[in-house]
Amino acid sequence: MGRTPEALFIVSLALASWPTPRRGLHVEAGAPPRPMGERVLLLHVGKAGGGTVRRFLSANRIRFKEIHLRQPRGDHIRAYNRILVTLRDPTERVISAYKWEHPDGPGRTPDFPGLKRIYECFPNATSYAEAFLPSSSVSMDCAGVAWRSIGVNVSYQSEALFCSHTCRGHAYYTEQWFDEICAKRPYALRTEQMASDLNGLGPWLGVHLRSREVLHEKDSNRRNGETVTNPAALSALRAALAHEYYVHAQLLRCSANGEAQPADNTISAGFPGS
């Protein structure tokens, strides 16, 4: 039976408006359509291995939606029945973010005006951590910059552009919808044991992992080897991040894989957070 020009026109419009694959789905040329399967939401806490997780999911053709540098909405949490959260020791995460976004580093984001003030006040990681000492000699202005940079006294809705990764920690991504997230028993992907956690991801999702290769991209940040040389300052920063440690611990407690994972050499470990 022949088709009228009007019918062909309607079909062509429908095909033109057909949605393209979402970010995170690797589509091979000529590959047949895949069923939706599990709907996965990735809460990518900055400098906690999220880039590695993103590449791993894509390599294994696992559909996912990534939330990064913005807070999830309630409909995000309700729409996805599998939630992944990247976790890292809060002090290590903040220092990593400081080095990543340093003018000498590869991750500087000009859209965040607060970054300029951070590095004007604190040219290296040690001076940054020393701002949290009770005996710190930094100016009141720079002290305020330091505390705002870790999310203290920052209104996430009105001042979210102040900083990028440093002030967007575990609380930023999860606290608003914490009960809903925990009710879904999220899967923790910890920088400190990323290899083991990635190995357990296939069974948790109920899928066969096509690739167990960790696709970590090395960066050329010459500050990677920089450390905080003042132990007291490091302790002060850790104390300043007490709420982050609390949220980190609660996320781990309610996660599906909160217990320590056995050592596993299937995936090579030892890579830094992304």
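FYI, the numbering just counts along the sequence from 1.
At a threshold of 4.5 Å between non-hydrogen side-chain atoms, the residues R88 and E192 count as touching. Within the 4.5 Å cutoff, side-chain heavy atoms of I95 are placed close to those of K99. Contact annotation: the side chain of F64 never approaches that of V53 to less than 4.5 Å [non-hydrogen atoms, C-beta and beyond]. Counting only heavy atoms from C-beta outward, the side chains of L57 and L84 approach each other to under 4.5 Å. By the 4.5 Å heavy-atom criterion applied to side chains, V40 and R63 are not counted as neighbours. Side-chain contact check for L43 versus P72: some heavy-atom pair is nearer than 4.5 Å. At least one side-chain heavy atom of L241 sits less than 4.5 Å from a side-chain heavy atom of I150. Side-chain contact check for H165 versus L69: some heavy-atom pair is nearer than 4.5 Å.
T166 and S149 share no side-chain donor-acceptor pair at under 3.5 Å. No hydrogens or angles considered: a donor-acceptor pair under 3.5 Å links the side chains of S164 and E101. Under the 3.5 Å distance criterion, with hydrogens and angles disregarded, a donor-acceptor pair is assigned to the side chains of Y245 and D89.
Heavy-atom minimum distance, H68 versus H44: ND1-O, 2.9 Å. Between R185 and C254, the shortest heavy-atom contact is NE-O, 2.9 Å. Here the closest heavy-atom approach between residue L41 and residue H76 is recorded as CD2-O, 3.9 Å. Taking both residues in full, the closest heavy atoms of L198 and F56 are given as CD2-CD2, 3.6 Å, listed atom of the first, atom of the second, then distance.
Distance check: H170 NE2 to T86 OG1 gives 6.5 Å after rounding to the nearest 0.5 Å. How far CG of L87 is from OH of Y187: 11.5 Å, rounded to the nearest 0.5 Å. Atom CZ of F132 and atom CZ of R238 lie 13.0 Å apart (nearest 0.5 Å). A distance of 8.5 Å separates CD in E175 from CD in E244, rounded to the nearest 0.5 Å.
Salt-bridge check for E66 with R54: passed, with a basic side-chain N closer than 4.0 Å to an acidic carboxylate O.
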Notebook entry, point to check: Stepwise, does the ring pair (Phe, Tyr, Trp, His ring centres under 6.0 Å) test hold for H102 with Y98?
Noted result: CA-CA 6 Å; H102 195 281; Y98 168 89; 5.8 Å; yes

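The aromatic rings of Y246 and H243 sit parallel, their planes meeting at an angle under 30°, below the 60° perpendicular limit.
Under the 3.5 Å distance criterion, the side-chain polar atoms of S255 are matched with a main-chain donor or acceptor of L252. Of the possible polar contacts, one joining the N60 side chain to the S211 backbone as a donor-acceptor pair under 3.5 Å is found.
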